[in-house]
Q: 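This structure is in structure tokens; I'll ask about it shortly.
Lettering follows sequence order; numbering is per chain, from 1.
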There are 2 protein chains.
Amino acid sequence: MKIDPKNPADLSAQIAKAIRDAIICGDLPVDERLPSEAELADQFEVSRPTVREALKRLAAQSLIRTQRGATGGAFVNRLKFEDAYGQQITTSTLLLSMNEISFATACEARYALERACAPLSAKRRTADHLATMRAEAHRQSQPGLTDEAFCASDVAFHRALVDAAGNPVLSYQLAGAVEAMQPLMNMITFSARSREKIVTLHTQIADAIAAQDGVAADMHLSALAGYTQELAQGVIAQRQEKRG
Amino acid sequence: MKIDPKNPADLSAQIAKAIRDAIICGDLPVDERLPSEAELADQFEVSRPTVREALKRLAAQSLIRTQRGATGGAFVNRLKFEDAYGQQITTSTLLLSMNEISFATACEARYALERACAPLSAKRRTADHLATMRAEAHRQSQPGLTDEAFCASDVAFHRALVDAAGNPVLSYQLAGAVEAMQPLMNMITFSARSREKIVTLHTQIADAIAAQDGVAADMHLSALAGYTQELAQGVIAQRQEKRG
DNA sequence: AATTTTCATTTGTCAGACAATTAAACGTCT
DNA sequence: AGACGTTTAATTGTCTGACAAATGAAAATT
């Protein structure tokens with residue numbers, strides 16, 4: 001863990017990497033206290049500000065947490081899903097907004113994921129998940145709903161669908177895809193006709209999940225995926241125009 | 001972008017957040033140069049080391065890159081898939097190694113994702129992807145292969161399968177799941193019998209993809225998922241023992 | 001005009017200092 | 001002896017000032 005070549009240019013990055021590797025390979029177990037900044041500075045033969053910059057890098061990745069005071073210091077953090085969510089969403093949002101990936105690609109990935117969840121959700125869904133899905137589908141049918149509220153309800157519906165699969169890894173990966181797409185989804189104007197179609201599909205999906213029929217759920221999700229792509233098409237064209 | 005309450009405890013974190021938000025919401029476009037550290041220090045009314053710690057946090061997330069020299073400075077980074085890969089893998093590895101998620105959960109998510117790819121892969125696979133899959137399946141049937149080499153080939157096979165879907169978002173999400181599971185997969189001792197079974201399934205999957213038959217590919221993937229879980233069961237029990 | 005030199009700007013690092021926080025050690029009182 | 005308040009030491013968070021290294025632009029020279 002004391003690797004430091006004679007290249008005095010990326011010291012803080014090198015130190016961060018050394019500590020990160022030690023954490024990943026298990027040399028530093030969860031809740032282990034790292035040496036104090038002064039001690040680290042001695043070990044790596046650098047100054048304290050340099051050590052601090054390295055620690056901040058790790059803190060940004062939620063790899064460590066720091067605490068002030070006599071028994072304080074930097075501790076290896078047990079990475080929580082909550083933390084991972086945030087990073088995933090930030091990353092996905094940027095990948096999408098910087099045009100590194102297209103809306104169509106993100107949309108395809110999102111629905112592929114949701115369809116992957118469908119059989120699991122059908123098997124494991126609880127009354128809670130079902131109730132949420134039905135409640136959101138009903139809300140979406142209310143007239144006078146703003147586009148944003150409709151969108152938010154849509155997200156809630158799909159979140160319930162995915163959470164019903166009872167697999168936090170899938171929930172976590174979906175979170176990134178869905179959240180990142182929110183800004184663009186909000187740009188879509190949902191006509192009464194399109195809303196009606198979406199609500200119908202949502203209801204069919206909920207029914208399939210209730211009946212524990214994964215195949216039917218998959219089918220309706222597939223239809224919904226196609227329809228969403230269709231609706232988004234207009235927005236994408238509009239966006240491209242503004243850009244060019 | 002100049003939000004700074006009178007709480008002088010998390011200054012670098014607050015500054016990092018302010019800049020991060022500015023990047024995400026588009027106020028700071030890609031390749032835009034941030035003010036110099038000295039200027040930022042003036043704007044936020046903090047010292048330069050504090051600004052630097054904030055910038056290091058952003059650098060750790062690949063949100064900015066820095067360059068020395070007269071025309072240097074910190075620039076908003078165009079987030080590359082490559083960067084996102086690395087972060088995703090680090091995060092996934094830690095979530096798994098810190099027991100925040102079980103192997104079974106990760107495995108389920110991984111195969112659910114692969115099955116989501118199957119129809120797309122069947123539709124879009126190129127000769128290259130097919131050749132890779134067949135080559136790896138063949139390699140896996142060679143006697144005298146070490147468990148590690150078998151595992152590596154297994155990863156290559158699945159990577160080709162996923163990449164064939166032509167959706168970088170799915171490839172990216174799978175990368176995290178697969179890489180994170182590597183250490184545990186490497187602990188599995190593959191008997192000649194189990195290898196044979198896996199190779200058979202791989203061949204069937206490749207055949208299905210070649211025939212552009214998504215349903216068949218899904219079926220064989222499902223069988224492979226079940227078998228992998230079965231094989232892993234022993235390793236998990238072993239691991240639990242060592243722990244308890 | 002081309003090349004070299006100088007220079008200003010900016011990041012990377014260092015040294016030393018002080019404030020804020022926190023828990024443990026200590027002392028005091030009941 | 002035990003409970004409670006005080007001191008103290010350790011540690012992070014921040015500041016000030018400084019120098020080194022890199023780098024492109026401007027100036028000087030050929």
Side-chain angles (χ1 to χ4, degrees), chain A residues 2-20 22-23 28 30-77, chain B residues 2-20 22-23 28 30-77:
Chain A
K2 287 153 192 165
I3 310 157
D4 253 4
K6 303 301 172 294
N7 177 17
D10 275 347
L11 289 182
S12 74
Q14 288 175 37
I15 292 169
K17 184 177 188 328
I19 298 175
R20 187 184 302 117
I23 294 174
L28 294 172
V30 169
D31 292 334
E32 177 90 348
R33 182 182 174 281
L34 271 66
S36 73
E37 294 176 355
E39 285 172 322
L40 286 173
D42 280 349
Q43 282 184 29
F44 288 110
E45 299 181 354
V46 297
S47 68
R48 196 160 83 93
T50 301
V51 167
R52 280 183 62 78
E53 288 181 8
L55 293 180
K56 293 312 170 193
R57 293 179 119 105
L58 300 176
Q61 297 176 300
S62 305
L63 286 175
I64 61 169
R65 61 179 188 279
T66 56
Q67 195 178 356
R68 286 212 274 195
T71 60
F75 298 84
V76 177
N77 199 25
Chain B
K2 287 153 191 165
I3 310 157
D4 253 4
K6 303 301 174 292
N7 178 15
D10 274 350
L11 288 182
S12 75
Q14 289 175 35
I15 293 169
K17 184 177 187 327
I19 298 176
R20 187 184 302 116
I23 292 175
L28 294 172
V30 169
D31 292 333
E32 177 89 349
R33 181 182 176 281
L34 271 67
S36 73
E37 295 176 354
E39 285 172 320
L40 285 172
D42 279 350
Q43 282 185 27
F44 287 110
E45 298 181 357
V46 297
S47 68
R48 194 159 83 94
T50 302
V51 167
R52 280 183 63 78
E53 287 179 8
L55 293 180
K56 293 312 169 193
R57 293 178 118 107
L58 301 177
Q61 296 177 301
S62 305
L63 285 174
I64 61 170
R65 61 179 187 280
T66 56
Q67 197 181 353
R68 285 211 273 196
T71 58
F75 298 84
V76 177
N77 200 27

Q: Looking only at non-hydrogen atoms, find the nearest pair between A/Leu63 and A/Arg20 and report the distance.
A: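 Closest approach of A/Leu63 to A/Arg20: CD1-CG, 3.5 Å.
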Q: Round to a whole Å and report the spacing from CZ of A/Arg65 to C1' of D/dG13.
A: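 After rounding, the reported distance stands at 18 Å.
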Q: Let me know the distance between CD1 of B/Ile64 and C1' of C/dT11, rounded to the nearest Å.
A: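 About 11 Å, once rounded to whole Å.
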Q: Send over the distance from A/Arg48 CZ to C/dG16 P, rounded to a whole Å.
A: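 Rounded to the whole Å, the gap is 13 Å.
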Q: Calculate the interatomic distance between B/Leu40 atom CG and D/dC15 atom P; express it in whole Å.
A: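 One finds 14 Å between P of D/dC15 and CG of B/Leu40, rounded.
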Q: For B/Ile15 and B/Phe44, work out which heavy atoms get closest and say how close.
A: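 Shortest heavy-atom separation between B/Ile15 and B/Phe44 comes out as CG2-CE1, 3.8 Å.
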Q: Rounded at 0.5 Å granularity, tell me how far CZ in A/Arg57 sits from CD in A/Glu53.
A: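 Answer for the CZ-CD pair, A/Arg57 versus A/Glu53, is 7.5 Å.
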Q: Give me the atom names and distance for the closest heavy-atom approach of B/Gln61 to A/Ala60.
A: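 Nearest heavy atoms, B/Gln61 then A/Ala60: NE2-O, 3.8 Å.
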Q: Should B/Thr50 be listed as having a side-chain N or O under 4.0 Å from OP1 or OP2 of D/dC15?
A: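 Yes, B/Thr50 has a side-chain N/O under 4.0 Å of OP1/OP2 on D/dC15.
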Q: Has A/Arg33 got a side-chain atom pairing as donor or acceptor with A/Gly72's backbone, closer than 3.5 angstrom?
A: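 Yes; at least one donor-acceptor contact below 3.5 Å.
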Q: For residues 51-58 of chain A, which residues have at least one heavy atom under 4.0 Å from DNA chain D?
A: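 DNA chain D contact set from residues 51-58 of chain A: A/Arg52, A/Lys56.
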Q: Give the rounded distance in Å between these two atoms: CD of A/Gln67 and P of C/dA20.
A: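 Atom-to-atom, A/Gln67 to C/dA20, this comes out as 19 Å.
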Q: Run the numbers on A/Leu55 and A/Thr66 for side-chain contact (heavy atoms from CB on, under 4.5 Å), then give the verdict.
A: CA-CA 9 Å; A/Leu55 293 180; A/Thr66 56; 5.6 Å; no
Q: Rounded to whole angstrom units, what separation is found between the CZ atom of A/Arg68 and the P atom of D/dT12?
A: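 In whole Å, D/dT12 P and A/Arg68 CZ are 11 Å from each other.
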Q: Between atom CD in B/Glu37 and atom P in D/dT14, what is the gap in whole Å?
A: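 Going from CD in B/Glu37 over to P in D/dT14 covers 16 Å.
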Q: So if I define the base as every atom that isn't primed, P, OP1 or OP2, how would nucleotides 3-10 of chain D read as a B/S/- string at a heavy-atom cutoff under 4.0 Å?
A: ------BB
Q: Reckon B/Ser36 has a side-chain N or O less than 4.0 Å from the OP1 or OP2 of C/dT9?
A: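 Looking at the OP1 and OP2 atoms of C/dT9, neither is under 4.0 Å from any side-chain N or O of B/Ser36.
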Q: Figure out the CZ/C1' separation between A/Phe44 and C/dC14, and round it to whole Å.
A: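 Result: 17 Å.
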Q: B/Gly72 or B/Pro49: which one's nearest nucleotide on DNA chain C is closer to the 5' end?
A: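 Here B/Gly72 is the residue nearer the 5' end.
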Q: State, with a plain yes or no, whether a side-chain heavy atom of A/Leu58 is found less than 4.5 Å away from one of A/Asn77.
A: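 Heavy-atom side-chain distance check fails, nothing below 4.5 Å.
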Q: Please check the phosphate of D/dG13 (OP1 and OP2 only) for any side-chain N or O of B/Ser12 closer than 4.0 Å.
A: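 Negative; the distance criterion is not met.
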Q: If only atom types and distance count, is the side chain of A/Arg65 paired as donor or acceptor with the main-chain N or O of A/Val76 below 3.5 Å?
A: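 Yes; judged by distance alone, with no hydrogens or angles, the pair exists.
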Q: Any idea which heavy atoms bring B/Ile64 and B/Ala74 closest together, and the distance?
A: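 Closest approach of B/Ile64 to B/Ala74, heavy atoms only: CD1-CB, 4.2 Å.
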